[in-house]
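Step one of this worksheet: look at the structure below.
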Amino acid sequence: MNLPLITLQSGGLILPLKVTPKAKKNDITGVHDGQLKISVTAVPEKGKANQAVLKLLAAKLRVSRSQLEIVKGETSTQKQVFIHNLSREELQSQLSSLLPSC
């Protein structure tokens, strides 16, 4: 399994996501086509799934919720999340520990 395609941008990083709403549990499930796969139990209504995604990412990546922002794909299953003030090395290290077969 590879790591997702992380893009460096001024002030942080862009992390591409493939989100599955209405799943059985909240979890990071792997990487596919350069996107981090995430499942959340929340329904995709009124931003509930987006909030669940950001909460899950904050917990798993050990960053504050305020460091995360959906910058593309708010109404899509394919999203891009901007992570403020985190280096590529830190993010890759966190993802490697979450995705042990990387």
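Keep in mind that what you see is a predicted model, and the values were worked out from it rather than measured.
Atoms CD and CD1, from Glu69 and Ile14 in turn, are 8.5 Å apart once rounded to the nearest 0.5 Å. In this structure, the separation between CD on Gln92 and CG on Leu13 is 9.0 Å, given to the nearest 0.5 Å. Rounded to the nearest 0.5 Å, atoms CG (Leu15) and CG (Leu57) are 6.5 Å apart. Taken from CG in Leu98 to CG in Leu3, the straight-line distance is 10.0 Å, to the nearest 0.5 Å. Interatomic distance, Lys48 NZ to Thr41 OG1, rounded to the nearest 0.5 Å: 11.0 Å. Put simply, CG on Leu17 and CD1 on Ile38 are 4.5 Å apart, with the number rounded to the nearest 0.5 Å.
The two residues Lys25 and Ser39 have their closest heavy-atom pair at O-OG, 3.1 Å. Residues Ala49 and Pro44 share a closest heavy-atom pair of CB-CA, 3.9 Å.
No side-chain heavy atom of Asn85 sits less than 4.5 Å from a side-chain heavy atom of Val63. A 4.5 Å side-chain heavy-atom check between Gln80 and Gln35 finds every atom pair outside the cut-off. At least one side-chain heavy atom of Asp27 sits under 4.5 Å from a side-chain heavy atom of Lys60. Proximity of Val40 to Val19: side-chain heavy atoms (C-beta onward) are separated by under 4.5 Å at one or more points.
A donor and an acceptor atom, one from each side chain of Asn26 and Lys55, are nowhere located under 3.5 Å apart. Side chains of Glu90 and Ser93: a donor-acceptor N/O pair is absent below 3.5 angstrom, by distance only.
In this structure, the side chain of Arg88 engages the main chain of Ile6 through a donor-acceptor pair within 3.5 Å. A donor-acceptor pair is defined here as one N or O able to donate and one able to accept, closer than 3.5 Å; no such pair exists between the side chain of Gln94 and the backbone of Leu91. Judged by distance alone, with hydrogens and angles left aside, the side-chain atoms of Lys37 form no donor-acceptor pair with the main-chain N or O of Val31 at under 3.5 Å.
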(request) For Leu36 and Leu99, run side-chain contact (heavy atoms from CB on, under 4.5 Å): C-alpha distance rounded to whole Å, both residues' side-chain angles, the deciding distance at 0.1 Å, then the answer. (result) CA-CA 10 Å; Leu36 187 66; Leu99 304 165; 3.9 Å; yes

(request) List the steps, then state whether side-chain contact (heavy atoms from CB on, under 4.5 Å) holds for Ile83 with Leu61. (result) CA-CA 10 Å; Ile83 306 170; Leu61 298 177; 4.1 Å; yes

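Residues in residues 8-22 take part in these side chain to side chain donor-acceptor pair (under 3.5 Å) pairs, two or more places apart or across chains: Lys18-Thr77.
Under the salt bridge (charged side-chain N to carboxylate O under 4.0 Å, His left out) criterion, Asp33 pairs with no residue at all, not counting sequence neighbours. Scanning for ring-ring contact (aromatic ring centres under 6.0 Å, His included) contacts around His84 gives Phe82, with sequence neighbours left out.
Under the 4.5 Å side-chain heavy-atom criterion for ILVMFWY residues, no single connected hydrophobic cluster contains both Leu5 and Leu8.
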